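Each remark here refers to the structure printed beneath this line.
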Protein chains: 2
Amino acid sequence: MTPTSALSETFAALGDPTRLAILGRLASEGDMTVQEIARPFAMSLPAVSQHLKVLERAGLISRGRDGQKRPCRLEAARLAETALWFDHTRAAWERRFDRLERFLAAPQSPPASKGEDHEP
Amino acid sequence: MTPTSALSETFAALGDPTRLAILGRLASEGDMTVQEIARPFAMSLPAVSQHLKVLERAGLISRGRDGQKRPCRLEAARLAETALWFDHTRAAWERRFDRLERFLAAPQSPPASKGEDHEP
DNA sequence: TGGATATTTAAGTGATGACTTAAATAAGAG
DNA sequence: CTCTTATTTAAGTCATCACTTAAATATCCA
């Protein structure tokens, strides 16, 4: 569905503690202006503005306009869409296990697992 | 629970199309050696090896030893653990909506939403 | 109009990231 | 021991990233 490049761009946007904290705060406290978002961080306003641009490009937030303020809002839809990747990956993983189980349950000779020593 | 820095490191590891593809293949095809992993990619073996190191540091894969081969295995546990962030974030988001709804349902005057123009 | 507030753009810097090729290490096979 | 296979380390390059300060833009308010 979503092309891998877009997915990885979204994950890359999540791959920064500051941006993760911003999203967390938008989720629990609701829409905020850039100044409000910036307040708890020990960094300049432009730095925060740049983080917000990354989040917006990744589709994780949107911005409205309220006079001179640009309120930021979490985009829950993109969040949910991104979470799907984990579901799909886990599903593929489990499908593989099911196949393996069915194979091992068959009355033929067991196939002797190849990759040993997997807890160093 | 998981410190934000570790979470963001994991997301950063997911924020690359090559690594995302590697994980997808490990999920659906099972444990693979470095060579097998590298085969479909148009990049050198050391490049792939470096990607694997990133994934391992992020806890997303583990590696065993089978003679000269180092089979890579997806770490489903870390994957599930990472997916929890989405659950938590969505939960916080919904809690906020519940509070808002309860407030709006109260017989007092409605609070006039502040952030307008949120679909440009 | 002029001034204060909110936010972004520009331009630069140092660190990190994604590669490369060449050489090192590790282990199985003759 | 030597050859081949599997993987990693070393070292270097080029692009991107996370910031910074200074200046530009936009909007409100008197």
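As a basis for the values below, the full set of heavy atoms in this structure was taken, side chains included, without hydrogen atoms, waters or symmetry mates. Sequence lines set the chain letters: A, B, ... in the order given, protein chains first and strands last, and positions in each chain run from 1. Not measured: the values here are computed from a predicted model.
With distances taken from any side-chain atom of K53(A) to the nucleotides dT8(C), dT7(D), dT9(C), the minimum falls on dT9(C).
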Dump every N/O contact between nucleotides 18-20 of chain C and the protein below 3.5 Å, one line per pair.
from    : atom 1 : to     : atom 2 : distance (Å)
dA18(C) : OP1    : R19(B) : NH2    : 3.1
dA18(C) : OP2    : R19(B) : NH1    : 3.3
dC19(C) : OP2    : H51(B) : NE2    : 2.6
dC19(C) : N4     : Q50(B) : OE1    : 3.4
dT20(C) : OP2    : S44(B) : N      : 2.8
dT20(C) : OP2    : S44(B) : OG     : 2.6
dT20(C) : O4     : Q50(B) : NE2    : 3.2

Polar pairs (N or O, both sides) under 3.5 Å between protein and nucleotides 28-30 of chain D?
from    : atom 1 : to     : atom 2 : distance (Å)
dC28(D) : O4'    : Q68(A) : NE2    : 3.3

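Among residue pairs with one or both ends in residues 91-104 of chain A, none qualify as side chain to side chain donor-acceptor pair (under 3.5 Å); sequence neighbours excluded. Listed by first and then second residue, the side chain to side chain donor-acceptor pair (under 3.5 Å) pairs involving residues 51-60 of chain B are R19(B)-H51(B), E56(B)-R63(B) (not counting sequence neighbours).
With sequence neighbours left out, the salt bridge (Lys or Arg N to Asp or Glu O under 4.0 Å) criterion links D87(B) to R90(B). Among residues two or more places apart in sequence or in another chain, the side chain to side chain donor-acceptor pair (under 3.5 Å) test is passed with R70(B) by none.
From I37(A), atom CD1 reaches atom CD1 of I61(A) across 6.5 Å, with rounding to the nearest 0.5 Å.
Counting only distance, with no hydrogens or angles, the side chain of R73(B) and the backbone of G64(B) share no donor-acceptor pair below 3.5 Å.
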Let me see the working for D66(B) and T33(B) under side-chain contact (heavy atoms from CB on, under 4.5 Å), right down to the final yes or no. CA-CA 9 Å; D66(B) 176 22; T33(B) 69; over 6 Å; no
Under the side-chain contact (heavy atoms from CB on, under 4.5 Å) criterion, do L23(B) and W85(A) qualify, and how do the steps go? CA-CA 11 Å; L23(B) 293 177; W85(A) 179 83; 4.0 Å; yes
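For the pair E56(A) CD and dT7(C) P, the interatomic distance rounds to 13 Å; values are reported in whole Å. Taking atom CD1 on I22(A) and atom C1' on dT7(C), their separation rounds to 14 Å, with Å as the unit. dA26(D) atom P lies 15 Å from atom CZ of R63(A), rounded to whole Å. Following rounding to the nearest Å, E9(B) (CD) and dA18(D) (P) show an atom-to-atom distance of 15 Å.
A close approach under 4.0 Å does occur between a side-chain nitrogen or oxygen of S49(A) and OP1 or OP2 of dT8(C).
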